[in-house]
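Here's the structure, in structure tokens; my notes come after.
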Amino acid sequence: MAMAPLPNRLYSAAQTRELDRLAIAGGVSGATLMARAGQAAFDLMLQRWPEVREPAILCGAGNNGGDGYVVARLAQEAGLRPVVYQWRPLDRLGGDALAMAEAARDAGVPMQPLNLDNLPQAAPLLVDGLLGTGISGALRDDMRALLQALDALDKPVLALDIPSGLSADSGASAGAVLNADCTITFIGVNRGLLTGVGPCHCGQLVFSGLNVDEAVYQAVPDPVWRPTPLDLRRWLPRRRRDGHKGHYGHVLVIGGDHGFAGAPSMSAQAAARCGAGLVSLATRAENLTAVLARQPEIMARAVDDVAGLEPLLERATVVAVGPGLGTGKWGQTLLKRVLMTDLPLVLDADALNLLADWGVDANDHWILTPHPGEAGRLLGSDSATVQRDRFAAVEALASRYGGTALLKGLGTLVRGQGGCALISDGNPGMGSGGMGDVLTGVIAALLAQGVPPYQAAALGAMAHARAADRAAAEHGERGLLATDLLPPLRWELNGK
């Protein structure tokens with residue numbers, strides 16, 4: 001069973017169940033799908049751990065366990081010495097899972113109960129077929145204790161479909177998760193594998209479509225979109241041969257109160273490097289020398305009040321506001337004026353904190369780019385609540401505030417007119433100051449060049465993350481700086 005590139009469509013647990021149902025309704029039996037899944041997992045096991053002779057196969061009571069029984073039978077038939085550890089005995093199984101368990105038993109696979117008193121202590125590899133994508137709510141105490149004990153064995157783990165204990169919908173832990181070194185997922189990739197703590201638990205993510213027909217996918221609407229560079233090339237307009245700076249938009253960045261020159265400077269630099277025709281910066285007078293010394297192409301202006309901002313707003317086509325803005329009188333005054341315009345807006349940092357304090361009406365013209373802490377303030381909760389269900393949080397942001405909401409973090413989410421997107425690129429090196437300021441400039445530049453808001457946010461976040469991956473690949477994640485992304489961003493937006 002061939003592995004495939006990770007698809008750009010991601011699904012909820014309910015949607016993947018519907019994919020299964022439609023595939024079966026189309027003439028592929030559930031037993032056939034289970035056999036294909038087990039074969040794909042077995043092939044991957046041999047490829048990833050060719051030296052393993054005595055794998056422990058952990059089998060639950062559902063279809064996830066059925067996949068595990070197929071792996072066990074194939075391993076037995078290949079001359080390995082697998083042992084199945086059963087969470088439930090055969091007389092507690094049903095349907096296809098029971099049929100696969102009986103086939104494994106008849107092939108001579110030894111089976112024993114799985115509990116805290118009988119753990120696979122000596123096994124060189126655990127194949128996790130305990131819990132599938134259907135878990136909801138918190139785990140029962142006995143399962144939570146079992147997963148914790150299994151994880152403490154510190155064995156390599158191959159997870160079938162999803163690491164046990166991880167929510168397929170939210171990417172949150174249900175109380176405990178059996179950490180995997182590799183996860184193979186089938187038919188549809190669950191969205192929770194790629195956001196929240198999902199990527200922390202699933203290790204290498206491998207996909208097998210099990211030869212399901214494309215018509216099945218077309219019948220399940222509204223998957224989460226995972227942008228790719230091909231999408232960026234499709235949405236970013238080709239430059240005209242007779243094009244000039246007036247064709248590519250004028251980004252106005254507003255920010256940089258006393259002592260905060262760097263943040264808006266990085267936003268403006270990013271906007272320029274990502275293709276905006278013109279970039280202006282409205283900031284404090286004390287910041288001008290530093291900004292112009294770093295990037296003379298930026299038209300930096302000293303702005304002390306609304307009167308100084310007016311002529312800049314008249315020339316702008318897109319406004320990015322918030323980096324280094326502060327929450328004092330200066331920042332409040334400028335932001336209030338910006339919110340009166342009909343220009344496309346990108347709001348970040350202190351602009352978001354002020355919105356949270358003001359309780360403003362929804363606006364279809366803006367893109368909000370909070371991190372989890374800012375999102376919590378905007379929603380009247382906190383970052384922990386946001387992280388427990390990032391999809392619910394980004395939906396709430398878009399519903400409450402309108403426009404497009406971009407929730408930063410591992411597996412950045414974007415919700416706007418057109419659906420929901422998840423960014424699977426990026427690395428831990430991005431945990432340094434200024435990354436969000438650069439992202440603000442990237443998105444503003446795409447808006448200025450005619451990319452619609454939802455696509456600008458999603459594709460901007462994707463390009464930003466991929467640029468970080470390029471920079472980290474060259475010099476390492478530790479010490480990665482926001483401005484290190486500027487050269488590779490240019491490559492990303494030129495399709496190199």
Report yes or no: do [X] and [Y] form a side-chain donor-acceptor pair below 3.5 Å?
| X | Y | result |
| --- | --- | --- |
| Gln86 | Tyr69 | yes |
| Asn211 | Arg36 | no |
| Ser164 | Asp128 | yes |
| Asn118 | Gln112 | yes |
| Asp437 | Thr440 | no |
| Asn64 | Asp161 | no |
| Asp43 | Gln47 | no |

Closest contact, heavy atoms only, [X] versus [Y]:
| X | Y | value |
| --- | --- | --- |
| Gln449 | Cys274 | NE2-O, 2.8 Å |
| Pro124 | Pro156 | O-CD, 3.3 Å |
| Cys202 | Leu193 | SG-O, 3.8 Å |
| Ala41 | Leu160 | CB-CD2, 3.5 Å |
| Val224 | Arg191 | CG2-CD, 4.2 Å |
| Gln387 | Pro372 | OE1-CG, 3.5 Å |

Using a 3.5 Å distance criterion without hydrogens, assess whether the side chain of [X] forms a donor-acceptor pair with backbone atoms of [Y].
| X | Y | answer |
| --- | --- | --- |
| Asp106 | Ala103 | no |
| Lys155 | Gln121 | yes |
| Glu474 | Ala471 | no |
| Trp49 | Leu46 | no |
| Asp389 | Ala392 | yes |
| Asp213 | Ala215 | yes |
| Asp151 | Asn179 | yes |
| Tyr217 | Gly188 | no |
| Arg390 | Gly411 | yes |
| Ser167 | Ala172 | no |

Exceeds 12 heavy-atom contacts within 6.0 angstrom, atom [atom1] of [X]:
| X | atom1 | result |
| --- | --- | --- |
| Arg400 | CZ | yes |
| Glu102 | CD | yes |
| Arg273 | CZ | no |
| Arg490 | CZ | no |
| Asp361 | CG | no |

Close side-chain approach of [X] to [Y], heavy-atom, < 4.5 Å:
| X | Y | value |
| --- | --- | --- |
| Phe207 | Ile184 | no |
| Leu166 | Ser173 | no |
| Phe186 | Leu33 | no |
| Thr16 | Asn190 | yes |
| Val414 | Cys420 | no |
| Val189 | Tyr11 | no |
| Val346 | Thr369 | yes |
| Leu410 | Thr195 | no |

For this session: List the steps and the verdict of salt bridge (charged side-chain N to carboxylate O under 4.0 Å, His left out) for Arg388 and Asp382.
Result: CA-CA 10 Å; Arg388 277 196 291 272; Asp382 54 37; 5.0 Å; no
Validation: residues 51-61 side-chain donor-acceptor distances under 3.5 Å, sequence neighbours left out:
from: Glu54; atom 1: OE2; to: Arg81; atom 2: NE; distance (Å): 2.9
from: Glu54; atom 1: OE2; to: Arg81; atom 2: NH2; distance (Å): 3.3

For this session: Begin with the C-alpha distance, continue with both residues' side-chain angles, and end with the deciding distance and a verdict on ring pair (Phe, Tyr, Trp, His ring centres under 6.0 Å) for Trp235 and Tyr454.
Result: CA-CA 11 Å; Trp235 281 100; Tyr454 169 62; 8.7 Å; no
Problem set entry | Check ion pair Asp469-Arg466 (N to O, under 4.0 angstrom) | no
Exercise. Hey, is Arg470 close enough to Glu477 for a salt bridge, meaning N to O under 4.0 Å?
Worked result: no
For this session: With Leu406 as reference, evaluate Ile443, Leu413, Leu368 under the side chain to side chain contact (heavy atoms under 4.5 Å, CB included) test and give the passing residue.
Result: Ile443
For this session: Step by step, work out the side chain to side chain contact (heavy atoms under 4.5 Å, CB included) result for Leu6 and Leu205.
Result: CA-CA 8 Å; Leu6 199 64; Leu205 185 59; 3.8 Å; yes
For this session: To the nearest 0.5 angstrom, please state how far the CZ atom of Arg140 sits from the CD1 atom of Ile135.
Result: 13.0 Å
Exercise. Quick one: OG1 on Thr412 to CG on Leu194, what's the gap to the nearest 0.5 Å?
Worked result: 12.0 Å
For this session: Any chance you could lay out the side chain to side chain contact (heavy atoms under 4.5 Å, CB included) test for His464 and Val438, step after step, and finish with the verdict?
Result: CA-CA 8 Å; His464 179 261; Val438 168; 3.8 Å; yes
Problem set entry | Evaluation steps, salt bridge (charged side-chain N to carboxylate O under 4.0 Å, His left out), between Asp231 and Arg234 | CA-CA 5 Å; Asp231 296 310; Arg234 183 167 66 246; 2.6 Å; yes
For this session: Could you check Asp20 against Arg17 for salt bridge (charged side-chain N to carboxylate O under 4.0 Å, His left out), going step by step and ending with a plain yes or no?
Result: CA-CA 5 Å; Asp20 288 348; Arg17 288 193 293 272; over 6 Å; no
